[in-house]
Amino acid sequence: MKELKLMKGNEAVAEAAIRAGCDGYFGYPITPQSEIMEYLMYQEPYKTTGMIVLQAESEVAAINMVYGGASCGKRVMTSSSSPGISLKQEGISYIAGAELPCLIVNVVRGGPGLGTIQPAQSDYFQSTKGGGHGDYRLLVLAPSSVQEMADFAGLGFELAFKYRNPVMILSDGVIGQMMEKVELAEQQPRFTEAEIRENTPWATMGKPNDKERNIITSLDLDSHKQERHVAHLRDKYLEMEENEVRYEEINCEDAEYLIVAYGSSARISQKAVELARAKGIKVGLFRPITLFPFPKKPLLAYTNRIKGILTVEMSLGQMIEDVKLAV
Amino acid sequence: MAKVKGDIVVDIEKCKGCEVCITACPNDVIAMTKSVNGKGYHYAESVNEECIGCANCAIVCPDGVITVYKVKL
Amino acid sequence: MSDITKEQIRQPENLVYTKTKLLTDKALSYCPGCGHGTAHRIVMEVIEELGAQDNTIGIAPVGCSVLAYEFMNIDMQQAAHGRAPAVATAVKRLLPDRYVFTYQGDGDLAAIGTAETIHACNRGENITIIFINNGIYGMTGGQMAPTTLPNMKASTCPYGRDVETMGNPLKMTELIAQLPGVHYVTRQAVHTPAGVRKTKKAIRKAFDLQKQEKGLTFVEIVSNCNSGWKMTPVQSNKWMEENMFPFYPLGDIKVDGQLIK
């Protein structure tokens with residue numbers, strides 16, 4: 001049954017993950033996202049849906065638990081905030097290399113280093129450009145409301161399995177901590193083992209006697225094979241760019257100026273658009289929802305009929321590079 | 001003497017000539033060949049009739065290249 | 001007695017021992033005489049005896065045995081360096097009725113993976129850890145490992161390990177045996193037929209205890225690295241007996257959740 005609740009973004013993504021039929025959460029505390037694991041531990045989904053919740057000894061261990069769970073074809077996730085995501089990058093690279101589906105929630109805080117616990121959007125690079133070693137991309141969803149924090153849990157798992165690729169929800173301290181009304185989806189059942197064997201025949205669940213064994217690895221010592229593998233990954237990312245671009249346009253129809261902003265900056269920019277329009281300045285808001293794949297083509301379509309673009313982000317300027325490339 | 005007689009079959013191309021089997025054999029049945037296999041290794045072979053099929057050689061062989069047979073006479 | 005020909009002996013009904021089908025036909029990537037091959041084989045023999053080929057998931061490490069999945073004919077996952085216990089934790093939690101084991105070397109388990117090892121042990125995960133300790137980094141070319149003996153030479157301690165500046169070798173097995181989550185800990189070797197038989201029994205016991213959900217089971221195999229130690233395989237086995245065993249004594253360390261001695 002759908003349900004209306006007042007929740008923090010962090011709680012919403014946790015509740016939505018349970019409802020999306022998540023099999024396992026593995027995490028490590030870090031501000032400003034600790035409510036995700038706290039909420040899950042409080043809800044005890046292992047008693048209801050059977051979802052495992054485990055507090056790991058580090059972000060490194062947590063992401064490798066995700067690797068193990070994902071290798072079994074399970075819907076697994078982790079969450080963290082910027083310094084913790086840096087620690088997870090090794091594991092994320094392995095997950096991308098081994099083509100495993102999983103959901104990673106990044107509730108961004110300011111950096112570099114230990115930085116601050118206040119919100120920021122300075123993880124754009126490490127989220128959209130790979131982040132760890134090697135040639136890979138994450139599919140990155142940027143929520144700008146608590147509702148989207150919830151919606152993107154289910155969507156994230158769906159896309160992760162569609163492409164056998166890690167999906168990141170790139171949130172920030174504002175979205176994670178703020179409370180809003182949220183409509184929660186109905187509880188979905190977790191995959192049965194039979195469904196996993198059917199839907200993800202690559203999963204390592206124990207080799208059936210009548211089938212070849214499955215191997216999950218990101219290693220290939222044969223450089224030609226490795227090159228072919230990376231080319232296959234590229235094709236997958238191109239396919240994402242073809243099919244998965246998501247964005248929102250607000251007051252863009254007659255706009256002479258465009259603000260490009262994502263996440264919490266988009267929420268603030270929306271108000272700025274309203275104030276500008278009240279003064280007679282024709283401003284529109286273009287909000288990328290997927291940061292990879294970045295909505296290049298729809299943004300390019302505006303260039304001939306607008307006078308300027310203002311990129312707004314809580315960082316020294318990271319997304320602006322993609323905006324420049326697009327136009 | 002126990003009336004048993006054994007024999008070994010060596011997977012020549014997988015033998016790496018480490019000689020660990022020679023040390024393990026109680027009856028000095030195994031020696032390395034003078035010739036080499038496709039990888040250039042001297043390989044194990046049975047050089048006499050003293051094998052009792054104890055399988056010690058096969059059990060310590062890191063590459064699992066030795067198959068052992070035994071008959072009671 | 002000599003009437004019987006070799007052809008007559010080599011009949012299927014006379015078969016005493018042959019390589020288990022749970023090892024693939026691929027030639028092992030290990031150096032001649034390396035204990036890894038024997039360790040691989042007896043782990044697979046145990047799984048075969050348990051009839052658990054369809055019910056076991058193995059986790060390969062980074063190190064010489066990074067390609068273990070090429071040889072073990074079961075569902076396998078290859079983990080990042082040192083992270084196998086974390087990977088195995090999730091596999092076992094999500095598939096609790098499977099046998100789950102990690103196969104790790106000393107660099108993987110006792111250096112970079114120290115945290116993952118200790119915490120998986122401390123949580124008492126129902127997994128089996130097979131720990132190959134040859135006191136050196138084999139795959140990368142013979143560098144000093146956390147388990148390298150005092151004064152032992154390696155490429156990054158060419159004059160021998162100076163414990164004053166390089167620290168003492170880490171007895172990870174004794175260390176994790178202290179943890180309540182760990183049920184069974186033993187240290188064995190596979191360089192002699194008797195040693196192989198004992199080690200196989202220990203691995204069987206570890207898997208049986210895993211089935212009974214007793215907690216973490218841990219089998220260390222002190223092994224050789226003749227390439228890294230720069231000896232012949234037979235010499236390296238002798239050197240291991242004379243130098244490794246006094247520092248890493250063989251035998252059970254924890255049985256039924258109780259420390260021995």
Side-chain angles (χ1 to χ4, degrees), chain A residues 23-26 46 50-76 78 88-95 97-98 100 102 132 190-191 193 196 202-221, chain C residues 21-24 29 44 47 51-62 66-100 102 112-123 125 127 139:
Chain A
D23 295 298
Y25 170 94
F26 307 92
Y46 31 92
M51 174 186 173
I52 302 293
V53 188
L54 183 59
Q55 180 170 339
E57 62 270 31
S58 66
E59 285 91 347
V60 176
I63 193 69
N64 283 284
M65 289 171 182
V66 167
Y67 180 97
S71 297
C72 300
K74 300 281 186 177
R75 275 189 283 218
V76 288
T78 187
K88 286 182 197 290
Q89 289 292 8
E90 176 203 48
I92 296 173
S93 169
Y94 277 69
I95 289 169
L100 297 171
C102 73
R190 292 168 55 230
F191 287 136
E193 284 200 17
I196 294 174
W202 47 263
T204 47
M205 308 182 79
K207 171 194 169 304
N209 290 322
D210 57 345
K211 287 197 178 126
E212 286 295 300
R213 72 193 194 285
N214 284 331
I215 295 166
I216 301 294
T217 182
S218 60
L219 172 72
D220 213 320
L221 293 175
Chain C
K21 292 273 181 292
L22 262 64
L23 282 176
T24 62
S29 51
M44 289 300 107
I47 291 167
Q53 186 184 15
D54 60 346
N55 199 31
T56 304
I57 298 151
I59 320 291
V62 169
V66 65
L67 291 171
Y69 57 81
E70 295 276 357
F71 315 119
M72 298 180 175
N73 194 7
I74 54 170
D75 272 4
M76 293 283 291
Q77 303 174 9
Q78 198 284 311
H81 200 16
R83 319 298 177 214
V87 173
T89 292
V91 174
K92 187 69 180 187
R93 295 283 184 118
L94 290 161
L95 298 169
D97 63 341
R98 309 299 199 277
Y99 290 102
V100 178
T102 69
I112 195 167
T114 310
E116 284 77 8
T117 304
I118 288 180
H119 284 277
C121 287
N122 195 46
R123 286 190 302 265
E125 300 294 343
I127 58 171
M139 186 177 71

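Note: hydrogens, waters and symmetry copies are ignored here, and every other heavy atom, side chains too, is used. Residue numbers begin at 1 in each chain, while the letters A, B, ... track the order of the sequences.
Neither the backbone nor the side chain of C/I118 comes within less than 4.5 Å of any heavy atom of chain A. Looking at A/M51, there are no atoms closer than 4.5 Å to chain C (heavy atoms on both sides), in backbone or side chain. Contacts between C/T56 and chain A at a heavy-atom distance below 4.5 Å involve the backbone alone (N, CA, C, O). With a 4.5 angstrom heavy-atom cutoff, A/L219 touches chain C via backbone and side-chain atoms both. In this structure, chain A has a heavy atom under 4.5 Å from the backbone of C/A79, while its side chain stays farther away. Heavy atoms closer than 4.5 Å to chain C are found in the backbone of A/A203, but not in its side chain. Of the two parts of A/I63, neither the backbone nor the side chain holds a non-hydrogen atom closer than 4.5 Å to a non-hydrogen atom of chain C.
Among all heavy-atom pairs drawn from C/A90 and A/G69, the shortest one is CB-N, 3.7 Å. Between C/E116 and A/S58, the shortest heavy-atom contact is OE2-OG, 4.3 Å. Closest approach of A/R213 to C/E70, counting heavy atoms only: NH2-O, 3.4 Å. Between A/G68 and C/V91 the shortest heavy-atom distance is O-CG2, 3.5 Å.
Taking C/D75 as the reference, nothing meets the salt bridge (Lys or Arg N to Asp or Glu O under 4.0 Å) condition, with sequence neighbours excluded. For C/R93, the salt bridge (Lys or Arg N to Asp or Glu O under 4.0 Å) criterion is met by C/E125, not counting sequence neighbours.
To the nearest 0.5 angstrom, C/Q78 atom CD is 5.5 Å from A/Y67 atom OH. Taking CZ from A/R75 and CG from C/L94, the interatomic distance works out to 12.5 Å, rounded to the nearest 0.5 Å. Going from atom OG1 of C/T117 over to atom CD of A/E57 covers 9.0 Å, rounded to the nearest 0.5 Å.
Your options are A/K74, A/M205, A/E193, and the one with the most heavy-atom pairs under 4.5 Å with chain C is A/M205. Between chain A and the options C/L95, C/T89, C/N55, C/V62, heavy-atom pairs under 4.5 Å are most frequent for C/L95.
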Inset, instruction - Any chance you could lay out the side chain to side chain contact (heavy atoms under 4.5 Å, CB included) test for A/L54 and C/R123, step after step, and finish with the verdict? - result: CA-CA 11 Å; A/L54 183 59; C/R123 286 190 302 265; 4.2 Å; yes
Inset, instruction - Report the C-alpha distance between C/Q77 and A/C72 in whole Å, list the side-chain angles of each, state the deciding distance to 0.1 Å, and finish with yes or no for side chain to side chain contact (heavy atoms under 4.5 Å, CB included). - result: CA-CA 9 Å; C/Q77 303 174 9; A/C72 300; 3.7 Å; yes
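Of the residues A/N214, A/T204, A/I215, the one that meets the side-chain contact (heavy atoms from CB on, under 4.5 Å) test with C/Y69 is A/I215.
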